[in-house]
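Below is one structure, written out as structure tokens; the observations come after it.
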Amino acid sequence: MGFYLCLVYTLQKWNEPLEKKHRLLICSDNMMIDFYVVDADCLIHYDIPSNKQNFSMRFSVLQNSSNVMINKERSTYIFLSNNTKDMLQLPKVVEVMKSFGNGKVDPILQKHAKNLTDSLEKEKINCFFCSEIQQFGYCSRPMSCKSRHILFKQLDEPGVNIPRSGIAIVKILNVYDASHMSAKLLKLNCTNNVNDEQHWSNVVDYTDTINHKLSSYFSKRDSEVLHENPKPGDMVAVQVESTSIKMIDTAYFRALVINVVDNNTANSKVMVKLIDEGYIETISKWKVFVLPDMLKSVHTTTVDMFVASIKPIGFDKTWPTQANHCLIKHLKDVNICNNTIIVKVKMALGTTIWIKKMYEKYWDTDLKKYGLREILPEILLNTGYADMNFEHIGNLTELSVSAGIAKPLLLKNSFEDKKELSIEEYMSLYKLPQP
């Protein structure tokens, strides 16, 4: 009863007409819901709640704000102390400021948030690089995504057999979606001329040798040493039933652990990427074995392949099923006709390449000569499934330069001679708003 009377009294006071004074209400998130205030002119956060829903709910107090109606602005202040717990929330706060404010955030604050984010990202060295950045150039949920969003030279430097530019003849192994495939490198050409016939060099493929050595090694039953506690990124040997996937009849394959599924059950499943076959499989943890060191260092000629600078039409983050089927059907026709696939390589990281174009080389029976027909990105753009993504490669290149993998094209002006405020100095400039 006492709480109810207090609530009624507070609401009455809040709704009284104002003359010259401002009214201030201090309350917790739970109390705010009971008060149901929707016409505040200014919202002040003294912390960032761990519950995302509570944080979003706070902004409901501004929905009928007089400031919003007259000035088309929302007044919001967020205060953080210099303790470690609060400072770890700085990147999240900056993102909130971009979303709920006018989009402008002080460059000093942005830089300190980025430095803090980079420090946190460096702790993810054992995580996979974010798949959304690979495919589209940015992550839609950077604050909650468990993948890493920076590159490491020791992990992401392209192998000696992975082309960073030029053209390549490939064999498509698997289609994940309309702009992501796995492929086997067959021939490389350092030129960008798809009509060139003279400068091709064969790619040495060790897949048969690897599979033979795996079969020979595991033919002895005592060689099957279970890989205990598999973690993402571990290179292992796996035993896969030959009838479950369309590939050569070999029982053991090199693989990378992607994720552990049903970890708390007796028969946990492990999702793995078959390194040399270009497939992803989910298998029992009892089929994951220690890979001999002699087979870990052998370079693969199988790559992940993304189409550069395109994205699904609209704001979708996934390709429609029709777009995927369109590409699969086209590639199936190429395979039936035994035609050659040529790609223009835009850039490479690790065992992943980004292609600018994909062509089909076919025999023209009328002209009695070979012709070229563009497959990607033309069929996706012409059918209305895709739109241009101009930031895609630029963002990847920036990350590559930051990791020391690629060299910057232009030297930027240096401002090192100018004194820059520390985060403590910057925060000391701001005081509580005065009524």
Would you say the side chain of [Y] lies within less than 4.5 Å of the side chain of [X], judging by non-hydrogen atoms?
X: V61; Y: V38; result: no
X: V345; Y: I167; result: no
X: V194; Y: K344; result: yes
X: W319; Y: S179; result: yes
X: L185; Y: N161; result: no

Would [X] count as a cation-pi partner of [Y], with NZ or CZ less than 6.0 Å from the six-membered ring centre and within 45° of the ring normal?
X: R148; Y: F128; answer: no
X: K361; Y: Y370; answer: yes
X: K273; Y: F253; answer: no

Just wondering, are more than 12 heavy atoms of other shown residues or ligands nearer than 6.0 Å to [atom1] in [X]?
X: I26; atom1: CD1; result: no
X: K329; atom1: NZ; result: no
X: Y206; atom1: OH; result: no
X: W363; atom1: CH2; result: yes
X: M271; atom1: CE; result: no
X: K184; atom1: NZ; result: yes
X: K332; atom1: NZ; result: no
X: E374; atom1: CD; result: yes

I310 versus P377, closest heavy-atom pair with distance: CG2-CB, 3.7 Å
field: Side-chain donor-acceptor contact under 3.5 Å, Q135 with H180
entry: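 Q135 vs H180: no donor-acceptor pair found between side chains.
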message: Aromatic contact between F289 and H227, with the criterion being ring centroids under 6.0 Å apart: yes or no?
response: no
message: I need the single residue from V257, I275, V290 that forms a side chain to side chain contact (heavy atoms under 4.5 Å, CB included) with M235. Which is it?
response: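 Only match with M235 under side chain to side chain contact (heavy atoms under 4.5 Å, CB included): I275.
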message: Going by side chain to side chain contact (heavy atoms under 4.5 Å, CB included), R254 matches just one of V238, N211, T302, V298. Which one?
response: V298
